[in-house]
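Here is the structure we will look at, set down as structure tokens.
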Amino acid sequence: LKHCDKIGPVEPTREYASKLLQYVISTGKQNSTAEAYMKAFKRALDYSGLAHDIKVSELTAGLRRNDQKEEFLTKQDLKAIQEYQPESISLQKAKDLFLFTCNTGMRHNEVVSITEDNVQRREGYTTIKYVPSKAGSEVEVPLNDICLKIMERWNVVPVLSNTNANKYLHELLGGIPRFQETSVQVRYSGSKKIQKTIKRCDAITFHTARHSHMTRLLNHGMSVKEVSSLMGISSQTLVRYYSHSNKEERMAKALKILNK
């Protein structure tokens, strides 16, 4: 929204929204970032009560999407992170926060906000009950042994700001050999193609942990409805992420069946 003053007074019209989108792209922002800006602009209009007919999906329909699938962690990746012993307190905090997110699917800001009041101790299991930052209804997620040990170590959870969390996460993963491999990252800003060689440790963020949690649950047989309920997101959003990250696996399964 800080860009709005660059193109004139805010107007709840498609024409204004289109100008705002083009301006954001002209500053060098990636298409995915520009789309996120437009969603924020629409939310601001919605909250203000101003009548409008702006649809972000229509505004961004012509934008080129990123070529590569979203990063997610394998069982071997998680084991390597668990076994790695960082040398500093900050890296230990990043490690435990990341593993907690991997095993609950909670967003980073949701994890660092929980207190003992959110902990529900029941017969045979323990859960966290909270309201997701992007949903209005309360959800409850189970805590496995990894999460319980982290909570015991830190008296609930360690705290790192969002900026420092990803900074220390990249440093943490940079010390683990399996995350040193590189790949070419392809992004788009408008029609401009931007290629950059990046280490895997730098491509992984706390959002990767949430995405990995969702993928693990679905891969092991939980239904879309069950997982969407646990994570506090819509089934449509869940299917969109899951179908994108598992394309190769689905193609292999289909060919195996068809070749019989």
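All residue numbers in this chain count up from 1 along the given sequence. These figures come from a predicted structure and were not determined experimentally.
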Please evaluate residues Phe100 and Ile114 with respect to the criterion side chain to side chain contact (heavy atoms under 4.5 Å, CB included), reporting the C-alpha separation (whole Å), side-chain torsions for both, the decisive distance (0.1 Å), and the verdict.
CA-CA 12 Å; Phe100 196 94; Ile114 63 176; 4.1 Å; yes
Minimum heavy-atom distance [X]-[Y], with the two atoms named:
{"X": "Leu59", "Y": "Ala17", "answer": "CD1-CB, 3.6 Å"}
{"X": "Ile54", "Y": "Thr13", "answer": "CD1-O, 3.5 Å"}
{"X": "Pro12", "Y": "Ala51", "answer": "CB-O, 3.6 Å"}
{"X": "Asn118", "Y": "Ser113", "answer": "OD1-O, 4.3 Å"}
{"X": "Leu230", "Y": "Pro142", "answer": "CD2-CD, 3.9 Å"}
{"X": "Pro158", "Y": "Lys93", "answer": "CB-CG, 3.7 Å"}

Quick check for you: to the nearest 0.5 Å, what is the distance between [X] atom [atom1] and [Y] atom [atom2]?
{"X": "Arg14", "Y": "Lys55", "atom1": "CZ", "atom2": "NZ", "value": "6.5 Å"}
{"X": "Leu218", "Y": "Glu226", "atom1": "CG", "atom2": "CD", "value": "9.5 Å"}
{"X": "Tyr125", "Y": "Gln120", "atom1": "OH", "atom2": "CD", "value": "9.5 Å"}
{"X": "Thr104", "Y": "Ile128", "atom1": "OG1", "atom2": "CD1", "value": "8.0 Å"}
{"X": "Asn103", "Y": "Cys147", "atom1": "CG", "atom2": "SG", "value": "4.5 Å"}
{"X": "Met38", "Y": "Ser57", "atom1": "CE", "atom2": "OG", "value": "11.5 Å"}

Spell out, as yes or no, whether a donor-acceptor pair under 3.5 Å connects the side chain of [X] to the backbone of [Y].
{"X": "Lys95", "Y": "Gln82", "result": "yes"}
{"X": "Ser88", "Y": "Leu91", "result": "yes"}
{"X": "Asp96", "Y": "Ile150", "result": "no"}
{"X": "Thr215", "Y": "His211", "result": "yes"}
{"X": "Asn31", "Y": "Gly190", "result": "yes"}
{"X": "Thr74", "Y": "Asp77", "result": "yes"}
{"X": "Arg210", "Y": "Gly105", "result": "yes"}
{"X": "Gln22", "Y": "Lys19", "result": "no"}
{"X": "Arg200", "Y": "Ser183", "result": "no"}
{"X": "His213", "Y": "Ala209", "result": "no"}

Please name all residues satisfying side chain to side chain donor-acceptor pair (under 3.5 Å) with Lys199, sequence neighbours left out, ordered by chain then number.
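In terms of side chain to side chain donor-acceptor pair (under 3.5 Å), with neighbours along the sequence ignored, Lys199 is linked to Gln180.
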Does [atom1] in [X] sit with more than 12 non-hydrogen atoms of other residues, nucleotides or ligands closer than 6.0 Å?
{"X": "Asp53", "atom1": "CG", "value": "yes"}
{"X": "Glu152", "atom1": "CD", "value": "no"}
{"X": "Lys129", "atom1": "NZ", "value": "yes"}
{"X": "Glu87", "atom1": "CD", "value": "no"}

Side-chain donor-acceptor pair under 3.5 Å between Glu15 and Ser18, yes or no?
no
Looking only at the side chains, is there a donor atom on one of Ser133 and Glu110 sitting less than 3.5 Å from an acceptor on the other?
yes
Please assess Glu140 against Arg122 for the test salt bridge (Lys or Arg N to Asp or Glu O under 4.0 Å), listing each intermediate value before the final yes or no.
CA-CA 12 Å; Glu140 189 171 8; Arg122 310 183 186 282; 2.7 Å; yes
What do the steps show when you test Cys102 against Leu73 for side chain to side chain contact (heavy atoms under 4.5 Å, CB included), and what is the final call?
CA-CA 9 Å; Cys102 284; Leu73 303 171; 3.8 Å; yes
Less than 4.5 Å apart, side chain to side chain, heavy atoms only: is that true for [X] and [Y]?
{"X": "Lys75", "Y": "Lys79", "result": "no"}
{"X": "Gln92", "Y": "Trp154", "result": "yes"}
{"X": "Glu138", "Y": "Tyr130", "result": "no"}
{"X": "Tyr84", "Y": "Pro86", "result": "yes"}
{"X": "Ile194", "Y": "Tyr188", "result": "no"}

Does His108 form a side chain to side chain contact (heavy atoms under 4.5 Å, CB included) with Thr205? I'd like the steps, not just the answer.
CA-CA 10 Å; His108 169 265; Thr205 66; over 6 Å; no
Under a 4.0 Å N-O cut-off, is there an ion pair linking Asp202 with Lys196?
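Between Lys196 and Asp202 there is no salt bridge, as every charged N stays at least 4.0 Å from the carboxylate O atoms.
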Ion pair Lys149/Asp145, N-O distance below 4.0 Å
no
Please tabulate, for the side chains in residues 168-175, all donor-acceptor contacts under 3.5 angstrom to protein atoms that are two or more places apart in sequence or on a different chain.
{"unit_1": "His170", "atom_1": "ND1", "unit_2": "Asn166", "atom_2": "O", "d": "3.3"}
{"unit_1": "His170", "atom_1": "NE2", "unit_2": "Ile204", "atom_2": "O", "d": "2.9"}

Is it the case that one hydrophobic cluster holds both Ile89 and Leu160, taking links as side-chain heavy atoms less than 4.5 Å apart, direct or via other members?
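Yes, same cluster.
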According to side-chain contact (heavy atoms from CB on, under 4.5 Å), who are the partners of Thr126, at least two apart in sequence or on a separate chain?
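Counting only residues at least two positions away or on another chain, Thr126 forms a side-chain contact (heavy atoms from CB on, under 4.5 Å) with Val119, Arg121, Leu143, Leu148.
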Side chain to side chain contact (heavy atoms under 4.5 Å, CB included) evaluation trace for His52 with Leu50
CA-CA 6 Å; His52 67 86; Leu50 291 173; 5.6 Å; no
